[in-house]
Protein chains: 2
Amino acid sequence: MTEIQPKSGTADTVAESLERAIHEHRLPPGTKLGEDELSEIYGVSRTRIRAALQALSHRRLVEHQRNRGAFVAQPTVREAHEVFEARALLEPRTARSAAIRMTDAHVTALQAHIDAEHAALHAGESGRALSLSGEFHIEIARIADQSTIEAIVQQLVVRSSLIIALYWRRRAALCESHAHGALIDAFAARDGALAEELMAHHLLDLVTSLDLRNQSSQPGSLKAALA
Amino acid sequence: MTEIQPKSGTADTVAESLERAIHEHRLPPGTKLGEDELSEIYGVSRTRIRAALQALSHRRLVEHQRNRGAFVAQPTVREAHEVFEARALLEPRTARSAAIRMTDAHVTALQAHIDAEHAALHAGESGRALSLSGEFHIEIARIADQSTIEAIVQQLVVRSSLIIALYWRRRAALCESHAHGALIDAFAARDGALAEELMAHHLLDLVTSLDLRNQSSQPGSLKAALA
DNA sequence: GTGCACATGATTGTATACAACATCGGCCAC
DNA sequence: GTGGCCGATGTTGTATACAATCATGTGCAC
């Protein structure tokens, strides 16, 4: 297993660390999350690990199988459609609200976010880049000053990261940043209507860049492996 | 023969029972949820109670205060606005989708739902009526065949119930049912655009029937009490 | 050699014991 | 009499021990 920050902490700390690892694709879908293993890695007792896993389970980031353990979630094709449908309802209008409340400081912060994403990409840290790309969306909800929507969007964004891990079609994730750049321009111009439309199209583009034909890429990918 | 109910008392069962009680206003906001007390009531150990309370805490239905215990959540005025803002983004478009997928069986089921709500109201069970009224909204998301949105809406609806408990202005909850009746008519006519508009207005009406002036009705309502 | 039965080991589910902390009462100083 | 200090009591936080369940590997029968 990849090295996870052996940073001792509370159950929430563990949950956040695991969520980051999932978001950054360091823990791919289907990975078994053994309780003893995690308790040794984080240096905390199983009680806290269980609490963390339960939290992630409620957010649909891990799937719990009774008496078998916890695994990083493997969203189905149907779930993938549903997650992006929910995002399509929430994020465009939220982007509009954000554009209205946007300050110059917000714009520069968003730009810095994109720069960091590019830097991570050039450093070969594609997982970190993807994570930053997702946080861009969360940041918009935060600027819109809607913490409830922000929490929902955050959950949907991390689930989207799992979906991308399973169903991404092209290798390069570069194309995205253009959409984010265009969004920043709209924000800088305080053009709420444009931001809303750009966000809607951006989400549509995301879905179409997935391969969501029913293929049940679950464990039984025998036919694909034997071809 | 008390074994008739299979698995009566898992953590999920306890959580569902508590959520129902909260939704029906049998547990008003601010109620202390003592672990020992609950473990005796449900006849299960504290471990399961804690798991249930954690689950409700993640759904923002109970607030956890460290070393002090769990309390039924008391949404602030700001949270109230945020919850209805999120619902305003999700539910109208979902109602439109539901109208398209609506079958005659669905329509009669929704009508039965409203009838049950009226019956509960006339029986003096106002809490149960409110709960059924909320489930009407959840049912629509289910008909739209969007389980992810359904889960989010469910959470928002129960939080709305808490908000209503704290900030409801008028005593009578009768007026609502008219909105639901009009929605059913739109569904029966498979008029998605109308359903979307009706739902949007229904949610706006709900907000305006709340008293959301900053009053911090939290424990420290000293100024109000001393006036 | 194949397939089933069973024993073994490992992992999770649950309960309970103990430690840490907050609340509340009385007591004392001022 | 007011205010603060400080034990007594109860509640929550955490760890650990034990039970239940699943996965694995061996051996036997066919």
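A note on names: the letters A, B, ... follow the listed sequences, proteins ahead of strands, and every chain is numbered from 1. Keep in mind that what you see is a predicted model, and the values were worked out from it rather than measured.
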With respect to the side chain of [X], which nucleotide from [options] is positioned closest?
X: Lys32(A); options: dT12(D), dT11(C), dA22(C); value: dT11(C)
X: Ser45(B); options: dG13(D), dG13(C), dA15(C); value: dA15(C)
X: His64(B); options: dG13(D), dA15(D), dA23(D); value: dG13(D)

For atom [atom1] of [X] and atom [atom2] of [N], their distance in whole Å:
X: Tyr42(B); N: dA15(C); atom1: OH; atom2: P; result: 16 Å
X: Ile49(A); N: dT16(D); atom1: CD1; atom2: C1'; result: 15 Å
X: Arg66(A); N: dC22(D); atom1: CZ; atom2: P; result: 9 Å
X: Leu33(B); N: dT12(D); atom1: CG; atom2: P; result: 10 Å
X: Phe71(A); N: dT11(C); atom1: CZ; atom2: P; result: 12 Å
X: Arg50(B); N: dG13(C); atom1: CZ; atom2: P; result: 17 Å
X: Asp36(B); N: dT16(C); atom1: CG; atom2: C1'; result: 12 Å

Donor/acceptor link under 3.5 angstrom from Arg48(B) side chain onto base of dG13(C):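 Per atom types, no contact qualifies.
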Side chain Arg46(A) and base dG13(C) donor-acceptor under 3.5 Å: yes
